Amino acid sequence: MESNNKKITILLLTNRESENAGDQVIEASDIGLLQALMKNLGFEKKAYKINSRSASIVTKKYMVTRDPELLSTAETAISQADIVIFGGAPVFNYGYQSFYERTAVTLEIAQKYGKPVIFSAIGIEAYDENSKKCQRLKSVLNIGCVKQITTRDGLERLEKYNDNNSFKIGLVSDPAVFSSTVFENFIGNKDSSPVKEKKKIGIFVIRANGFIDNNIDFSKEQSAELWLNIIETLKSRGYDYELVTSGHFGDEAYLDYLIREYNVPVNKCVFNINMPETLFRKMSEYDGVISCRLHPSIISFSMNIPAVGLVWNTKVPSFYKGIGYPERAIEKEEFCAEAIVGKLEKAMEEGIEKDQDYLMSVYQSLFFGVKDIVCGKDCDIQPYEYETLLEMIPRFAGTSENEQYLKLTRKFRRAYETCNKRLKDNLKLKERIVNLTENNNKKRKDAAIKITVIQVLLSVIIMAMLIRLNVLPTVSYFLIGIILICLLVYVRSLLGLGRKNNLLVRILRKIKRIIMSILGR
């Protein structure tokens, strides 16, 4: 590729349209690293273009209809790119999400147009040889267009996707470890802030089924009790606190649930973290962080704020192991307020030490991957040193007013989509209940008819035998007939039939009781 004769277009695919501000932080961090990287390779800003798009460039509608016309946007973006970089999003997820198929289709388009693909710092789900979804993903990863895949948390799993070493692999840091540099202009200065009476702890909650969806048996009610106990423990030890989210509407819905159902003070809850810079401004106020979500843990690390993470997904312990503090990832067996707060206090006492080799791993792998594609393997340019890289990363300028509107629109539409889906699901359940009730009533009716027929036949046979044998006086036959009729009506009432004739049933029951008393029963 002649890098000096044409403008290089990098198609960056991230989870940028997520309402989770943590995903937006990753996008901004990726863009900052790529801009520094291109400068590192000698490209002026006018010599390249970063086209940042959503990793869901293959739409949901296409996934449902498979209408090829719905791929036109994706095909245009990919065909016009010189290199495609996946810089985040759950692109390998096939467990309870269907993102893997979008990734597969995107790679097929890249292969069609001969475009090289790099995956940078991707999370890797469990590999399953018997899963058709997993094997579908594996097959497209090895079709030729993929040149490099690095992961932040699953190298052993990634190796199983790599047939015959068809692409380079590596274990790297998350791009958000550089987020405090990217968002430097939005981080408050604690040294110049008024002295606080109490240290403040940020508690990042996760959506109601966050644990359950990841096969951890910990319900929303158990989570609520844990958060309440953590709050009381923090207060008893002299800390201030806030419950906060990184913007995911499901997390905010659960925060609202805690307020309404468990009387968590509303003035201690933070809503509407809709932009990445808002997240940094808020986190600047904290002296420590307790989080379920991974992004707040990574951002805390970048900002030198001690944190502990509650494990709801394998990526949480992988991150804490990577930064050298595996004990700060807390498994379900240790979900106890005293233990969690104790570990946070220990982390706050120890502080954070950073390994520059670990930090640089995401930049260096991305640098060499892009260099080989854009400049050729014979190019001998070397990546920046750590301090130089920090200087060269452009600072985030802030979210434009138009982009703020778009972010809110996407968030609300996703919430509306979820509400409409719940309504549709509820209507289906109601319809199913009606059908089951009708089927059950039909079965009861059929059973009652069969029993009635059998009882009538038996009654006729018994009466005929008694009459033929002439063993009882005529009045007794009359009484026996009435008793059998009463029993017949009684059986039908037990089976749910004849409910519209309740008066008749009651009259017959009274007759039955009278007859029983006459017979001395």
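The chain is numbered in sequence order, starting from 1. In this text, all values refer to a predicted model and were calculated from it rather than measured experimentally.
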Thinking salt bridges, do Lys343 and Glu334 make one under a 4.0 Å N-O criterion?
-> yes
With no hydrogens and no angle check, is any side-chain donor or acceptor of Ser318 less than 3.5 Å from a backbone partner on Lys315?
-> no
Close side-chain approach of Asn162 to Asn142, heavy-atom, < 4.5 Å | yes
Validation row, ring centre Phe99 to ring centre Tyr94 under 6.0 Å = no
Hey, what do you get for OG (Ser223) to CD1 (Ile216), rounding to the nearest 0.5 Å?
-> 10.0 Å
Does Ile169 reach the side chain of Gln148, with side-chain heavy atoms less than 4.5 Å apart?
-> no
Before giving the answer on side-chain contact (heavy atoms from CB on, under 4.5 Å), spell out for Tyr127 and Leu137 the whole-Å C-alpha distance, their side-chain angles and the decisive distance to 0.1 Å.
-> CA-CA 10 Å; Tyr127 179 84; Leu137 182 59; over 6 Å; no
Whether Asp67 side chain and Tyr62 backbone form a donor-acceptor pair below 3.5 Å = no
Is it true that a side-chain atom of Arg157 and a backbone atom of Ile124 form a donor plus acceptor pair closer than 3.5 Å?
-> yes
Is any side-chain heavy atom of Lys60 closer than 4.5 Å to a side-chain heavy atom of Glu417?
-> yes
Does Val58 offer a backbone N or O that forms a donor-acceptor pair with the side chain of Ser56 under 3.5 Å?
-> no
Intermediate values then yes/no, side-chain contact (heavy atoms from CB on, under 4.5 Å), Asn15 and Ile26 = CA-CA 8 Å; Asn15 209 14; Ile26 289 179; over 6 Å; no
Flag the pair Ser284 / Phe186 as yes when at least one side-chain heavy-atom distance between them is below 4.5 Å, and no otherwise.
-> no
Heavy-atom neighbours of Lys282 NZ exceed 12 at 6.0 Å | yes
For Glu242 and Tyr286, what are the C-alpha separation, side-chain angles and deciding distance, and is it a side chain to side chain donor-acceptor pair (under 3.5 Å)?
-> CA-CA 9 Å; Glu242 278 183 338; Tyr286 301 145; 2.7 Å; yes
Hey, is the main chain of Gly309 close enough, under 3.5 Å, to the side chain of Ser297 for a donor-acceptor pair?
-> no
Phe211 six-ring face occupied by Lys332 cation (under 6.0 Å, within 45°) | no
Evaluate the side-chain proximity of Asn274 to Leu408: yes if any heavy-atom separation is below 4.5 Å, no if none is.
-> yes
Do Ser180 side-chain atoms and Ser302 backbone N/O form a donor-acceptor pair below 3.5 Å?
-> yes
Would you give the length of the straight line joining atom OG1 of Thr181 to atom CD1 of Ile393, rounded to the nearest 0.5 angstrom?
-> 5.5 Å
Quick one: do the Gln80 and Thr9 side chains pair a donor with an acceptor below 3.5 Å?
-> no
Could you name each residue pair satisfying salt bridge (charged side-chain N to carboxylate O under 4.0 Å, His left out) that touches residues 100-112, not counting sequence neighbours?
-> Arg66-Glu101, Glu75-Lys112, Glu101-Arg136, Glu108-Arg136
Kindly list each side-chain donor-acceptor pair under 3.5 angstrom involving residues 365-383, sequence neighbours excluded, with atom names and distances?
{"from": "Ser365", "atom 1": "OG", "to": "Ser361", "atom 2": "O", "distance (Å)": "3.1"}
{"from": "Ser365", "atom 1": "OG", "to": "Val362", "atom 2": "O", "distance (Å)": "3.2"}
{"from": "Lys371", "atom 1": "NZ", "to": "Cys379", "atom 2": "O", "distance (Å)": "2.9"}
{"from": "Asp372", "atom 1": "OD2", "to": "Lys168", "atom 2": "NZ", "distance (Å)": "3.2"}
{"from": "Gln382", "atom 1": "NE2", "to": "Asp380", "atom 2": "O", "distance (Å)": "3.3"}

Is the side chain of Gln222 donor-acceptor paired with the backbone N or O of Ser219 at a distance under 3.5 Å, no angle test?
-> yes
For the residue pair Phe86 and Phe119, categorise the inter-ring angle as parallel (less than 30°), tilted (30 to 60°) or perpendicular (more than 60°).
-> parallel
Do side-chain atoms of Tyr161 reach the backbone of Gln135 as a donor and acceptor pair under 3.5 angstrom?
-> no
Proximity of Tyr262 and Tyr257 rings by center, below 6.0 Å = yes
What's the spacing between Glu221 CD and Glu261 CD if we round to 0.5 Å?
-> 9.5 Å
Are Lys115 and Asp82 ion-paired here, with the side-chain N under 4.0 Å from a carboxylate O?
-> no
Quick one: which of Arg281, Lys407, Glu403 gives a side chain to side chain contact (heavy atoms under 4.5 Å, CB included) with Met275?
-> Lys407
If you measure from the Lys or Arg side-chain nitrogens to the Asp or Glu carboxylate oxygens, is any gap between Asp213 and Arg207 under 4.0 Å?
-> yes
Could you tell me whether the side chain of Leu34 reaches within less than 4.5 Å of the side chain of Leu12, counting heavy atoms only?
-> yes
Would you say Ile122 and Phe92 make side-chain contact, with heavy atoms under 4.5 Å?
-> yes
Answer yes if the side chains of Asp251 and Thr245 hold a donor-acceptor pair under 3.5 Å, and no otherwise.
-> no
On the ring face of Tyr48, is Lys7 found with NZ or CZ under 6.0 Å from the centre and within 45° of the axis?
-> no
Under a 4.0 Å N-O cut-off, is there an ion pair linking Glu19 with Arg413?
-> no
Measure from the ring center of Phe218 to the ring center of Phe335 and say whether it is less than 6.0 Å.
-> yes
